[in-house]
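One structure below.
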Amino acid sequence: MKKHEVAEFVPKATGTSVLRREDAKLLTGRGKYIADIQLPNMRHVAILRSPFAHARIVSIDTSQAAAIPGVELIWTGEDTAPLTIGIPTRHADPAFQATIQPVLAQGVVRYVGEAVAVVVATSIHVAEDALAEIMVEYEELPAIANVEQALESSDLANDTLSSNVIYRSARFNDDVDSVFASSACTVEGNFRCSRVSAAPMETRGALAQYDWTTEKLTLWTATQMPSFIRTMIAMFAGFAEHQVEVITPDVGGGFGQKAHLHPEEILVCLLARQLGEPVRWIEDRQHNFLAATHAKQQHIDMRLAFDAEGRFQALETRAVTDSGAYNNLPWTSLVESHVGNAVVLGVYKVPKVRDESVNVATNKVAIGAYRGVGFSAPQLARETLIDKAARQLGISPFEIRRRNVVRPEEFPYTNRMGMTMREGSFLETIDTLEKMVGYDAFRARQEEARARGKYLGLGVSVFNEVTGVYGFGTYASRGAVVGAGSIGRAASIVRERMKQLAANLFETSPDDIVLDGGKVHVAGVPAKGMAFAEVAGAAYFAEETHPAGFDATLEATANYDPSDLVLANGGHVAVVEVDPETCRVRVVDFYAVEDCGKMINPMIVEGQMRGGMAQAIGMALLEEIVHDENGQLLTTTFMDYLMPTAQDVPDIKIEHLETPSPLVPGGIKGMGESAMISAPAAVFSAVNDAIAHLGVSIETAPITPERLYQAMYGG
Ligand code: SMO
């Protein structure tokens, strides 16, 4: 090697599929989750949870439990009340009824699974055994077990509220009635999306350690938002924020469920301070079903009006969220219908809109975030109805969408809900999906299947997704946007400095300097280039080469938060086969188009898509949190709560569009939630398409064989 020569610089290209660095560790069981962390003298937590949906706590006797060897401490709500306010929530609108969730119940329990007492012991076995010895006398109160009861009953789910309606909002009240009375095509449905669980593979867990000599609190927690948790722990549990460190080890899935402050996180911090020893809580699956947020439950009564050519004339929607007894923090229960109504118009131009969102309190665990927050249910309702309108009008489900989506030349486009879109490849998405599916051939295949007694159906769903929004954690498909934006900005500072220095070396202006392929050269003279390393060498070791006032570092720190909506988009098509004898539904073909701008690592994009599409099959066909009429939770294991498995998911066909975002350095947009926004709608609508020739429809998710039987053959 000659003097000054350096090894050739190979830029790591974005846009190529690269295995994730963490895969080897995680796939071979070498990950380190909360449950893998061992600290000296670590104590173990077991939580006694309410067996009733709504009851007054008459008395709690912990004496027998406390006498068990190895039990170190038992707390009830009386003990925690002076130490923490619990989890309060607020909203900018004073009409919103705030709630405070205590970390341990204060004299009353408001859902099955609410924490009543906590035991700390030298082993988890002792702690759990002790739970059985805690004697609690309850006096049952009337339970609000569903949305209908919440709206009709004079009983309150939570007596700190003045009514069961926590919040009601209506953004637009156009005169849609006259439109519906005169439109060529109207369709409507009363959609019921059930509660589901994000069901992360790793349940929740937290480990706290407090050092009284330094007053430092360390919390390891499986969370999507460590810095937020740090601030909240400081605020609500009386720690100095600068003394709190929150560490997130490997996390086995969150999907939004781990994007909340949990009462148990506060609890372990208080316990660790009390005992002066590390205290760990690991949730089991039953408790995860009982006490971790549920999601997606919306009752949506929606109707759409089209003209004879299938052009949107009006949309009216009324959505009710079964909120549970408390609001989650930070999102509150408005994560479902209130958020959902804001995005209910999706990618379509709809001239007239009337909407209402109602949040009601029930005696259930709080509703919370889960992948595709708020979007999934209204998308399911709207897309199913668009397919129905297409059948009525005799046009293809692709064509009716082509006639209604916002077109590139219309950007920036502000829809009737006031949302401004500056980007999106909706037409291209529809065309690409139609080609992938081979739509004309499908209708022939459908006829042929019917002849042999199987009902095929096809459902389409086209979406856009708000990504990269302001915040404090890994959620809302924001990691890549915020990360790439920050890297791009920091890199441009360093790039400018390199240009200044190189310009001085080459005796030219910085504007004439080109950085390319790991080399710096004067525009038009690439042969006389200089390696990056040489410029760096000059920056750090050759002061005489510096231009006047040169900042002699090649380091920069920058951050980025998009000031405008970064919108990714795409679509899904599902083909299902219904067996009219067993009423089983099988997804036979599943297609996806995703446009998340410039892809960084396509392999990760596709992994996110496939995982989300599996979850979408779950929401549309399998998964349902079931409470009985007393608010008792009936689905507390994976035997009762059906998660999709590899057997339920067909080969997924994927195409990418790459329309760079004008708003983010590198043209990157977020993705990750998209499949759970849009794919449940495609599956759900496909089942409706499969049975439409019988003159029937189904409007409740999940579409279980029993529900489908009733839809097809009556009670
Ligand atoms: S529900 Mo996702 O963590 O934004």
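The figures that follow rest on heavy atoms only: side chains count, while hydrogens, waters and symmetry mates do not. We count ligands from 1, going down the list as the structure has it; atoms in each ligand are counted the same way. Only a predicted model underlies this, so the values are computations on that prediction, with no experimental measurement involved.
- No option in Glu265, His260, Glu283 other than Glu283 meets the side chain to side chain donor-acceptor pair (under 3.5 Å) test with Arg204.
- Between the side chain of Glu673 and the backbone N or O of Ser477 there is at least one donor-acceptor pair closer than 3.5 Å.
- Taking the six-membered ring wherever Trp is involved, the centroid distance between the rings of Tyr641 and Phe289 falls below 6.0 Å.
- Ring to ring, Trp220 and Tyr33 are not that close: their centroids are 6.0 angstrom or more apart.
- Ring geometry for His294 versus His627: interplanar angle of 30 to 60°, hence tilted.
- Within 4.0 Å of ligand 1, protein heavy atoms belong to Gln224, Phe255, Gly256, Ala369, Tyr370, Arg371, Val373, Tyr475, Ala476, Glu673, listed by chain and number.
- In summary, the side chains of Gln298 and Asp322 do not present any donor paired with an acceptor at a separation below 3.5 Å, with no hydrogens or angles considered.
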